[in-house]
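Both backbone and side-chain heavy atoms feed into the values below; hydrogens, waters and symmetry mates do not.
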Amino acid sequence: MDAANEAGQPKLDPASAEPGLAEAPEAHRPAPNAPQFTRDEDLHAYHEMLLIRRFEEKAGQLYGMGLIGGFCHLYIGQEAVVIGMQMASEDGDQVITGYRDHGHMLACGMDPNGVMAELTGRRGGYSRGKGGSMHMFSREKQFFGGHGIVGAQVSLGTGLGFADAYRKNGKVSLTYMGDGAANQGQVYESFNMAALWKLPVVYVIENNRYAMGTSVARASAQTDFSKRGLSFGIPGEQVDGMDVRTVREAAQRALAHARTGEGPYILEMQTYRYRGHSMSDPAKYRTKDEVSKMREEHDPIEMVRKRLIELHGVPEADLKATDAKVRETVNDSAEFATHDPEPDPSELWTDILLEARA
């Protein structure tokens with residue numbers, strides 16, 4: 001949640017002369033010399049991003065039907081960020097993020113059935129139906145949440161990096177946050193600690209331009225988030241977060257920096273969410289034309305689809321078959337999540353205390 005909304009600053013209608021509305025989001029600038037993917041790399045990116053897109057679309061449907069309660073923050077439009085990062089990461093690298101987290105879970109390889117079941121509050125969910133959208137974890141997949149408190153995961157992700165440095169295991173903590181969270185004080189405390197101890201952390205700022213509902217032009221004095229670590233000596237760069245190729249390339253540099261003992265690195269992913277902050281957000285702070293323009297000109301999945309057809313010669317029928325298979329996977333997860341039993345009342349008394357080991 002951004003500071004402007006917390007302070008009670010009113011949201012104005014897009015038709016009014018809201019300061020900063022005309023210039024936000026900043027003009028999207030695709031990388032002029034984007035690295036090329038092989039055919040297999042583009043096919044992999046296409047499948048993984050499409051899985052997130054279709055899963056989130058189905059989650060939105062289930063929310064509208066009343067089968068998902070509480071908050072639900074969809075990742076539609078931002079898929080290239082987490083897939084590009086995961087394509088550059090190694091087994092054992094940890095991932096931690098905020099509440100827009102379903103895409104990160106799927107990118108880490110978590111089972112769509114378990115993720116969707118948690119969304120619907122069923123016992124087959126990753127937190128046995130007790131965590132919901134914002135609180136899922138998987139030690140097996142090195143995914144440490146899903147956190148509902150804005151910016152809280154940054155301190156925790158820094159702690160994961162501290163553990164890696166202490167153990168000298170060569171792993172890196174991929175710590176995600178949004179542009180709104182980047183203004184939190186605990187973020188800068190974490191930056192200071194990570195730089196002081198040269199912790200292996202890559203801070204990924206997913207700048208989708210609006211935080212909870214206020215443009216960065218109105219909420220942030222410094223809108224170049226890649227510079228947020230300069231006072232601590234942390235290098236950073238801005239990345240076209242709508243192109244999975246540029247994301248992976250930047251991720252490779254950042255991860256190598258952190259993994260070789262050089263300390264933390266900041267990646268500002270310039271991305272965009274097509275839906276509101278959450279399912280309850282009407283998103284009146286931006287125009288429909290703005291969203292349509294981003295969809296038509298910079299959609300991360302459509303860009304890969306075009307490359308597969310025009311550059312790699314993949315038949316369109318094959319891509320339609322991939323989409324059909326992904327939809328089947330997602331439909332199966334929805335079927336599982338709506339028929340799986342709810343948690344037994346005895347679950348109220350579990351996972352409260354961690355028993356000390358002898």
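L62 is connected to M110 through a chain of hydrophobic side-chain contacts under 4.5 Å among Ile, Leu, Val, Met, Phe, Trp and Tyr, so both are in one cluster. With hydrophobic clusters built from ILVMFWY side chains whose heavy atoms lie under 4.5 angstrom apart, L311 does not share a cluster with M303. Connection of Y176 to F137 is not established within any shared hydrophobic cluster, with ILVMFWY side chains joined at heavy-atom distances below 4.5 Å, either directly or through further cluster members. Linking Ile, Leu, Val, Met, Phe, Trp and Tyr residues whenever their side-chain heavy atoms come within less than 4.5 Å places M193 and V154 in a single cluster. Hydrophobic clustering (ILVMFWY, side-chain heavy atoms < 4.5 Å, transitive): L230 and F225 are in distinct clusters.
A 4.5 Å side-chain heavy-atom check between T338 and L67 finds at least one atom pair inside the cut-off. Within the 4.5 Å cutoff, the side chain of L255 has heavy atoms near those of the V202 side chain. Between H47 and V326, the closest side-chain pair of non-hydrogen atoms falls below 4.5 Å. Between V150 and Q186, every side-chain heavy-atom pair lies at or beyond the 4.5 Å cut-off. Q94 has its side chain out of reach of F143: every pair of non-hydrogen atoms, C-beta onward, lies at least 4.5 Å apart. Proximity of V201 to Y203: side-chain heavy atoms (C-beta onward) are separated by under 4.5 Å at one or more points. In this structure the side chain of L199 reaches within 4.5 angstrom of the side chain of T158, judged on heavy atoms. Counting only heavy atoms from C-beta outward, the side chains of P112 and T329 approach each other to under 4.5 Å.
In this structure, Y63 contributes its side chain and G70 its backbone to a donor-acceptor pair below 3.5 Å. Between the side chain of E79 and the main chain of G77, a donor-acceptor pair closer than 3.5 Å is present. In terms of modelled atom types and a separation under 3.5 Å, the side chain of T120 and the main chain of A337 share a donor-acceptor contact. No donor-acceptor pair closer than 3.5 Å links the side chain of R123 to the backbone N or O of R128. Between the side chain of R100 and the backbone N or O of L74 there is at least one donor-acceptor pair closer than 3.5 Å. Panel note: side chain D101, backbone H104; no donor-acceptor pair is recorded below 3.5 Å. No donor-acceptor distance shorter than 3.5 angstrom exists from the side chain of D318 to the backbone of V314, with no hydrogens or angles considered. The backbone N or O of V330 lies less than 3.5 Å from a partner atom in the side chain of S333, making a donor-acceptor pair. Judged purely by atom type and a 3.5 angstrom limit, H135 has no side-chain atom pairing as donor or acceptor with the backbone of G146. T214 places no side-chain N or O within 3.5 Å of a backbone atom of Y210 that could act as its donor or acceptor partner.
Between Y274 and E56, the side chains place no donor N or O within less than 3.5 Å of an acceptor N or O (distance only, hydrogens not considered). N207 and T271 are not linked by any side-chain donor-acceptor pair at a separation below 3.5 angstrom, with hydrogens and angles left out of the test. Checked by atom type, the side-chain pair N183/R228 shows a donor-acceptor distance below 3.5 Å. Side-chain polar atoms of E206 and Y75 form a donor-acceptor pair below 3.5 angstrom. For the 3.5 Å distance criterion, the side chains of H73 and S133 fail to qualify, holding no donor opposite an acceptor. Between the side chains of D344 and S346, at least one donor-acceptor pair of N or O atoms lies under 3.5 Å. Side chains of Y99 and S278: no donor on one and acceptor on the other come within 3.5 Å. With 3.5 Å as the limit, one finds a donor-acceptor pair spanning the side chains of Q78 and N208. Under 3.5 Å, the side chains of S226 and D224 contain a donor-acceptor pair of N or O atoms.
Cluster partners of I96, using a side-chain heavy-atom cutoff of under 4.5 Å among ILVMFWY residues and allowing indirect links, are F144, L156, L160.
The shortest heavy-atom contact between S173 and G161 is CB-N, 3.8 Å. A182 approaches V187 most closely through the heavy-atom pair O-CG1, 4.4 Å.
One finds no salt bridge joining K171 and D91 here, because no Lys/Arg side-chain nitrogen approaches an Asp/Glu carboxylate oxygen to under 4.0 Å. Contact check on R53 versus D299 returns a salt bridge, with a Lys/Arg side-chain nitrogen under 4.0 Å from an Asp/Glu carboxylate oxygen. Look at E347 and K130 and you find a salt bridge, because one of the NZ, NE, NH1 or NH2 atoms lies within 4.0 Å of a carboxylate O, short of that distance. Using a cutoff of 4.0 Å between basic side-chain nitrogens and carboxylate oxygens, R54 and E57 are scored as salt-bridged.
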* Asked: Do I76 and I52 pass the side chain to side chain contact (heavy atoms under 4.5 Å, CB included) test, and can you show the C-alpha distance, the side-chain angles, and the key distance before you say yes or no?
  -> CA-CA 8 Å; I76 297 174; I52 295 174; over 6 Å; no
* Asked: Under the salt bridge (charged side-chain N to carboxylate O under 4.0 Å, His left out) criterion, do E297 and K293 qualify, and how do the steps go?
  -> CA-CA 6 Å; E297 299 180 7; K293 182 177 177 65; 2.9 Å; yes
* What do the steps show when you test I205 against L267 for side chain to side chain contact (heavy atoms under 4.5 Å, CB included), and what is the final call? -> CA-CA 6 Å; I205 302 176; L267 294 175; over 6 Å; no
* **Intermediate values then yes/no, side-chain hydrogen bond (donor to acceptor under 3.5 Å, both in side chains), E290 and Y272** => CA-CA 11 Å; E290 179 185 298; Y272 197 81; 2.6 Å; yes
* Which is it for D93 and R259 under the salt bridge (charged side-chain N to carboxylate O under 4.0 Å, His left out) test, yes or no, and what are the steps along the way? -> CA-CA 10 Å; D93 290 342; R259 205 182 303 280; 2.8 Å; yes
* To do: Take S155 and E189 through the side chain to side chain contact (heavy atoms under 4.5 Å, CB included) test and state the conclusion after the steps.
  => CA-CA 8 Å; S155 300; E189 294 180 24; over 6 Å; no
* Could you walk me through whether R248 and Q252 pass the side chain to side chain contact (heavy atoms under 4.5 Å, CB included) test, one step at a time? => CA-CA 6 Å; R248 188 189 69 170; Q252 288 171 334; 3.7 Å; yes
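Once rounded to the nearest 0.5 Å, the distance linking CG of L119 with NZ of K58 reads 13.0 Å. Residue E48 holds its CD atom at 9.0 Å from CE of M87, rounded to the nearest 0.5 Å. Taking CG of D111 as the start and CD of E118 as the end, the distance is 12.5 Å to the nearest 0.5 Å. Here the CD1-NZ distance, from I266 to K227, works out to 12.5 Å after rounding to the nearest 0.5 Å. From Q36, atom CD reaches atom CG of D42 across 8.0 Å, with rounding to the nearest 0.5 Å. Within the model, atoms CG of D323 and CD of E316 stand 11.0 Å from one another, a figure rounded to the nearest 0.5 Å.
Evaluation of the side chain to side chain donor-acceptor pair (under 3.5 Å) test over residues 140-150, restricted to residues two or more places apart or in two chains, returns none.
Note on ring orientation: taking the six-membered ring where Trp is involved, the planes of F55 and H102 are perpendicular (angle over 60°, cut-offs 30° and 60°).
In this view, I149 and A152 satisfy the side chain to side chain contact (heavy atoms under 4.5 Å, CB included) rule, not counting sequence neighbours.
Checking each of L308, V244, V304, L43 against F37 for a side-chain contact (heavy atoms from CB on, under 4.5 Å) leaves exactly one that passes, namely V244.
Within a 6.0 Å radius of CE in M279, other residues, nucleotides and ligands contribute more than 12 heavy atoms.
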